[in-house]
Amino acid sequence: MAWQLHYTSARSGPTGRAGFQFVAETPGLPDGTRAAVTPYLSYRPPPDAPLSPGDAELDLFPVSLLYDEVDGRPLLLRCRYLGRDYSGRYGNFFAHAVVAEPEELEGLRPAELWQAAHWTPLPAPGPDLDPLEELTPGSALDPEALAGWLASAGPGDPYARLALLVDAVAGVLLRGHGRVVLVADDVEAIARWIAVVSYSLPVAAAARLTFVTYTADPDGAAQRLVGTTPAVWAGAQNHASHASAFDLRDGVPDGGSSRFARTVARCWRARDFGGLDALAELAPPDDPAREGAAALLALCRGDASVTPEEQGAAAELLARRGTAVPAWVWRDLAPGVPAMGLDLALAVHGRARAAGAADLAGRCARRVGALVSERLTAASRLTEVAEAAEVAERAGVPADPGEVTAAAARCVRRGLAEPEAALAGRPAGLRDALLDGIVAGLAGSGDRAAALTAGTCDLLYEHAGRLRAAPEVAVAVLASVGRRHPGRRVAVTGEMLRLDGGGADIGDALRGLWATPPSASACLDLLDACGSAPPPPALAELPSRTFARLASTGGDGLTDPATLRLAERVRELMPDGRAGRDAALVQAYGTAITAGPPRAARALESLADAGGATGLLAREAFADAARRLSLRPPGFRAELLAAAPAPVRARLAERWTGELPGRVRAGRAPLRGGEVERRNELVEVVLRLRGHGAAEPSLEAWARAAARRWLAARQLDSHLARRPELRAELRALLAEGAP
């Protein structure tokens, strides 16, 4: 129910006092209601109204219908000027207030009560008023009647005025403060405009639109929509505070209106009240997404003029509303699909699919595919290609990989930029298509070298398999990675060997990559990467260079197990070339320093007669083997010399005597302890060799010269004290050289 209150100036009210007071009310009025309503009880005539109006003139004074809220309840207050009061003084007015529970206005817009039957022109004769069981709207402001009136509500285009007014009201509701002022000579026109605006809003939004049809103080009014007269407005002091003021006597103000407001105006023009309801169902005017609601409704009706910005608002609305979007949208939106941009088509596709609108989702999927193709064609940067394609991927309508590859290739030919950003985080299928495009673009680029920065090469190397379609690109990328990352050289070489060539100079790249000989282990890995076939010429020389480097550093590397495994592998793959001969030489070296005298002698013979092998390797290997063998016991060395051919015996003798300190070779004294021992053992080797029935003239000549000195003879005699046969051999040696 709703409670009523009457307020006017009376000689004697319910309390017995005179003056303005509540003279009647509904019994049971909630506590505090009178105090809450009191601030709204005022009426001041317009300044141009008659000061002493007669009864016939009173009907010309504007009626004020106010709608607001007090203590959480709707307040409807109608004020009319009465002229003189009980004392004969002018200034009296009658206020009829209705305070209702919120549910009493459910489904109603307060403006509908402008001429409701419950309003009375004069105060009740008694203090008690009946409660209002139902608030019944008047018939003057129903939508059909208003639509007929609005068509000729000049001056100017009433629908353009309405659009501007709707935007102004929406702005006030959205901000939650401010007011819109309507200025007119006729309060009836103001009431009609307020009603038109109210019907343009959802019921809930209309409930928030407080208004007053007439006030003499528009600057002080607390309502959102305020009516006043030209005379009042002319005297208002703060026009600057009313950015949204509409003088209904003038033409339409300049300025554009939003699609939402224009849609409202078109619905009124066409008397399309269903369209107003549909718009209200999508978004109220105080919702920032109202533009999206209007755009969505336009698309539902096949309007292709929706701008990209408006479509963006529609997409945002769909994202916010989710499954709460009315079902009729999915039914009616199909005609608008051809006009949709990519973002909106994606949004509709996702929401329609979730809502089970398969036909609409399918239409949007096809639209997305067409728009993505357009974007791919127009893309100028690789990231644009990636972003466009990923949009389609996320929507479940992936772009054609061939299109993505072709678009990426076009962009790369213009200049490769941001490949990391373009590839980062992309789904595998899309990433592969982009990579294929990058590689194809680089293959056709005139400035490939500038594009292949270190970072780009490292990035592409992570997907080396996709480089094989463009060998010239692959070689450049692999060479760059191998040069900068030595640990990857073997893997890089393996990738190069898997290329088909295609004009790429792989040989030069491999030679540059392996300018520094690898270790034996790396070289072995490299040969394993070649498989069972012999390596290409650019790699066939590497084992020889590796062996030579190992030999030149003292020979220790030649005895490493990895070196011996490398030699074995080289002989399997390349038995007849230089590398094979060098490998055989390395194996002979290993035998020479580890086998017994007969085998060691044969191995030394191979080292000495290394025809076709690398000369440096052969020399260094023989020299190092001789050095190592010089440390063996005299008996071993003598047997070795006896088993060796004369030329090998002569070379060994030369190496062994050449390695002796200068004093030992020249026979000068005194010698240090270690030098004496080395001399004595080498002389013993000579003597033992004679016992084997063999001799090396140069070595015997040196031994004879060394043993003739007095001190040396004494030392040798002591060294051979336990071997009388060697003493005898020494005497024989010395005798052979006597004059």
Side-chain angles (χ1 to χ4, degrees), residues 517 520 541 543-560 563-564 566-568 570-571 574-660 665 678 681-703:
E541 62 191 37
S544 294
R545 294 169 55 207
T546 295
F547 292 144
R549 182 178 66 82
L550 292 172
S552 66
T553 57
D556 289 343
L558 292 178
T559 62
D560 188 272
T563 306
L564 298 176
L566 173 61
E568 183 178 1
V570 169
R571 294 197 70 184
M574 300 175 287
D576 300 325
R578 167 172 288 188
R581 290 188 287 272
D582 286 345
L585 191 148
V586 169
Q587 289 178 321
Y589 168 84
T591 301
I593 63 173
T594 59
R599 288 187 61 209
R602 290 194 295 274
L604 286 171
E605 184 179 6
S606 297
L607 291 177
D609 185 19
T614 301
L616 172 64
L617 175 62
R619 291 191 298 274
E620 293 293 336
F622 188 92
D624 192 69
R627 179 185 63 79
R628 290 174 180 272
L629 292 169
S630 70
L631 303 178
R632 293 295 189 93
F636 180 94
R637 285 192 278 170
E639 189 175 350
L640 173 67
L641 289 175
V648 173
R649 195 183 305 150
R651 286 188 63 181
L652 279 174
E654 180 183 4
R655 298 300 305 180
W656 288 348
T657 55
E659 289 172 0
L660 294 173
R665 288 198 306 274
R678 291 184 65 184
E681 286 184 350
L682 187 54
V683 171
E684 183 181 346
V685 168
V686 173
L687 299 177
R688 287 179 178 274
L689 179 60
R690 288 168 63 89
H692 286 291
E696 166 48 45
S698 63
L699 199 55
E700 287 188 350
W702 169 82

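Just so you know, these numbers come straight off a predicted model, no measurement behind them.
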[Y] side chain reached by [X] side chain, heavy atoms, under 4.5 Å:
X: Leu641; Y: Val686; result: no
X: Pro598; Y: Arg602; result: yes
X: Met574; Y: Pro543; result: yes
X: Leu687; Y: Val683; result: yes

Ion pair check, Asp582 and Arg578, cut-off under 4.0 Å: no
Test side-chain contact (heavy atoms from CB on, under 4.5 Å) on Thr614 and Phe547 and set out the steps. CA-CA 9 Å; Thr614 301; Phe547 292 144; over 6 Å; no
Show the nearest heavy-atom pair for residues [X] and [Y], with the distance to one decimal.
X: Ala644; Y: Arg649; value: O-NH2, 3.0 Å
X: Arg549; Y: Pro517; value: NE-O, 3.7 Å
X: Ala588; Y: Leu607; value: CB-CD2, 4.1 Å
X: Ala583; Y: Ala567; value: CB-O, 3.4 Å
X: Ala579; Y: Val570; value: O-CG1, 3.3 Å

So, does Thr594 use its side chain to make a donor-acceptor pair with the main chain of Gly590 at under 3.5 Å? yes
Any donor and acceptor pair, going by atom type alone, linking the side chain of Arg571 with main-chain N or O of Leu566 inside 3.5 Å? no
Roughly how far, to the nearest 0.5 Å, is the [atom2] atom of [Y] from the [atom1] atom of [X]?
X: Arg581; Y: Ser544; atom1: CZ; atom2: OG; answer: 9.0 Å
X: Asp609; Y: Glu605; atom1: CG; atom2: CD; answer: 7.0 Å
X: Phe636; Y: Leu631; atom1: CZ; atom2: CG; answer: 11.5 Å
X: Leu604; Y: Arg655; atom1: CG; atom2: CZ; answer: 12.0 Å
X: Leu550; Y: Asp624; atom1: CG; atom2: CG; answer: 11.5 Å
X: Arg627; Y: Glu620; atom1: CZ; atom2: CD; answer: 10.5 Å

Per the side chain to side chain contact (heavy atoms under 4.5 Å, CB included) rule, which among Val685, Leu629, Leu689, Val648 passes with Leu640? Leu629
Quick one: do Glu700 and Arg690 satisfy side-chain contact (heavy atoms from CB on, under 4.5 Å)? Show the steps, please. CA-CA 9 Å; Glu700 287 188 350; Arg690 288 168 63 89; 3.1 Å; yes
Do Arg637 and Glu681 pass the side-chain contact (heavy atoms from CB on, under 4.5 Å) test, and can you show the C-alpha distance, the side-chain angles, and the key distance before you say yes or no? CA-CA 10 Å; Arg637 285 192 278 170; Glu681 286 184 350; 3.7 Å; yes
Distance under 6.0 Å and angle within 45° of ring axis: Arg651 vs Phe622: yes
Verdict with supporting geometry, Glu696 and Trp656, side-chain contact (heavy atoms from CB on, under 4.5 Å): CA-CA 12 Å; Glu696 166 48 45; Trp656 288 348; over 6 Å; no
Once side chain to side chain contact (heavy atoms under 4.5 Å, CB included) is applied, do any residues pair with Thr591, and if so which ones, sequence neighbours excluded? Ala595, Arg599, Ala603
